[in-house]
Protein chains: 2
Amino acid sequence: MGETPHVSEPALDEQIAAYQREFADLDPQVEQIVSALGRLNRRMNVAYGRQNATLGISNAEWEVLKALVLSGPPYQLGPGDLAKRLGLTPAAMTHRIDRMVDEGLVTRDRDESNRVRVIIEITAEGRGKWLEAMRLATVFEGDLVQDLSPEERKSLGEVLIRLLRRVEQTQPDGGGRMEDLDRA
Amino acid sequence: MGETPHVSEPALDEQIAAYQREFADLDPQVEQIVSALGRLNRRMNVAYGRQNATLGISNAEWEVLKALVLSGPPYQLGPGDLAKRLGLTPAAMTHRIDRMVDEGLVTRDRDESNRVRVIIEITAEGRGKWLEAMRLATVFEGDLVQDLSPEERKSLGEVLIRLLRRVEQTQPDGGGRMEDLDRA
DNA sequence: AACCTAAACTTCGACTCTAAACTTTATAGG
DNA sequence: CCTATAAAGTTTAGAGTCGAAGTTTAGGTT
């Protein structure tokens with residue numbers, strides 16, 4: 001994983017002013033929303049990454065643990081299913097699981113009732129790491145929304161879900177992993 | 001760049017229900033905000049990637065063009081500056097520029113007044129691609145917020161900026177490129 | 001003037017991901 | 001039965017990134 005390079009992006013206001021200078025047909029209101037979304041997301045991912053690093057796991061590993069825990073008992077999934085949920089190719093999943101098995105976060109076993117299938121199961125250690133990561137994440141997230149009133153939180157959540165639904169209609173599934181992109 | 005793998009994630013409601021089952025200390029309101037933010041961002045990046053692909057450029061290249069255009073006349077930046085703005089290491093920037101020079105999107109020249117420096121400048125073709133990409137992006141973004149009233153757009157933008165400021169306070173700069181992570 | 005240090009970029013080696021080819025196992029037809 | 005096809009994972013080759021070492025140039029010190 002390693003330390004991330006230093007970022008130094010212009011202030012959001014300046015950025016939007018530059019957009020208007022170079023591209024006249026721009027709705028600054030919309031641009032503000034889109035740019036803030038992108039930046040916010042990246043900053044949050046960096047913050048999660050720092051926290052997870054203190055637990056000795058990467059965001060990538062956190063994602064796998066999350067999928068396994070949220071799948072519910074018996075906390076098992078196949079590599080293919082995991083790949084679909086995370087938006088990875090099966091090949092990438094194979095390698096990621098290799099590492100996580102080596103680190104003791106998950107186990108890999110053949111399904112004896114159908115020997116083509118493989119079963120990935122979270123270990124006690126993996127579960128513990130996920131729980132700890134969630135504790136850190138919720139503290140961070142609580143701090144993040146600290147300045148928002150209950151009404152603001154409610155309406156923000158609702159608006160975001162409307163936007164999400166709109167994207168899912170317009171861009172019918174099939175997307176996947178994508179390099180992080182700062183629309184700002 | 002290539003085709004992205006197929007994604008098939010559980011519905012957001014189910015996901016949040018699963019979180020509450022596995023992690024009692026969770027504020028569903030906050031979780032909804034955070035999860036929707038992550039998913040929305042990923043979907044949008046995938047959509048940009050599809051559009052940019054029709055122009056023959058990747059999101060990575062779009063980012064470089066964007067930085068150059070927004071830097072204003074004379075639309076030149078050094079590799080190091082570009083790397084900082086994009087959150088890449090100088091090494092990665094070198095390689096990315098290599099490709100973009102080959103594709104005719106930018107030029108690379110030594111600064112004769114200080115021969116350690118290198119000047120990257122956008123070409124007419126690069127500028128044209130960026131403009132076209134922006135046209136596609138603004139159509140998509142306009143469609144995205146179509147259901148939001150003017151008041152909703154305004155308050156959404158303001159709330160997002162407050163969140164962004166909060167993150168920037170809490171997580172003082174230094175973040176960078178991070179693999180795309182779906183907090184949902 | 002010779003040296004030292006810092007800055008800017010590139011090169012190198014390791015790692016992770018994608019796409020495509022391959023292997024193994026299960027199932028359906030002839 | 002025996003083969004054909006499909007499904008699930010793995011392996012392989014290539015692309016892109018990071019961290020660290022290396023190279024070139026500028027500028028200050030003695």
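Residue numbers begin at 1 in each chain, while the letters A, B, ... track the order of the sequences.
In this structure, CG of L77(B) is placed 14 Å from C1' of dA8(C), rounded to the nearest angstrom. One atom, CD1 of I119(B), and another, C1' of dA8(C), lie 13 Å apart when rounded to the nearest Å. Rounding to whole angstrom units, CG of residue N114(A) and P of dT27(C) are separated by 6 Å. The nearest whole Å value for the distance from the CD atom in E112(B) to the C1' atom in dT24(D) is 14 Å. Atom pair M93(B):CE and dA7(C):P shows a separation of 21 Å (rounding to whole Å applied). Regarding I97(B), its CD1 atom lies at a distance of 12 Å from the P atom of dT11(C), rounded to whole Å. Between the CG atom of L86(B) and the C1' atom of dC18(D) there is a distance of 15 Å, rounded to whole Å. Distance, R115(A) CZ to dT23(C) C1': 13 Å, rounded to whole Å.
For the side-chain contact (heavy atoms from CB on, under 4.5 Å) criterion with I97(A), the lone passing option out of V118(A), L105(A), I120(A) is I120(A).
Distances shorter than 4.0 Å separate some side-chain N or O of R99(B) from OP1 or OP2 on dT17(D). Checking the phosphate oxygens (OP1, OP2) of dT16(C), no side-chain nitrogen or oxygen of R96(A) falls inside 4.0 Å. Taking only side-chain nitrogens and oxygens, R117(A) never comes nearer than 4.0 Å to OP1 or OP2 of dT25(C).
Between E63(B) and R96(B) there is a salt bridge, with a side-chain nitrogen of the basic residue lying less than 4.0 Å from a carboxylate oxygen of the acidic one. D81(A) has a carboxylate O that lies under 4.0 Å from a charged side-chain N of R85(A), or vice versa, which qualifies the two as a salt bridge.
You'll find that the side chain of A92(B) is closest to dC18(D), out of dT18(C), dT25(C), dC18(D). The listed nucleotides are dT17(D), dG9(D), dT11(C); the one nearest the side chain of T94(B) is dT11(C). With distances taken from any side-chain atom of V116(A) to the nucleotides dC18(D), dA7(D), dT10(C), the minimum falls on dA7(D).
When each of S113(A) and D81(B) is assigned the nucleotide of DNA chain C bearing its nearest heavy atom, the one mapping closer to the 5' terminus is D81(B). Nearer the 5' end of DNA chain D, as judged by each residue's closest nucleotide, is the contact made by D98(A), out of H95(B) and D98(A).
R110(B) comes within 4.0 angstrom of no nucleic acid atom, judged by non-hydrogen atoms across all strands.
Contacts of Q20(A) classified as side-chain hydrogen bond (donor to acceptor under 3.5 Å, both in side chains), with partners at least two apart in sequence or in another chain: none.
When every heavy atom of R127(A) is checked against every heavy atom of E22(B), the shortest pair comes out as NH2-OE1, 2.7 Å.
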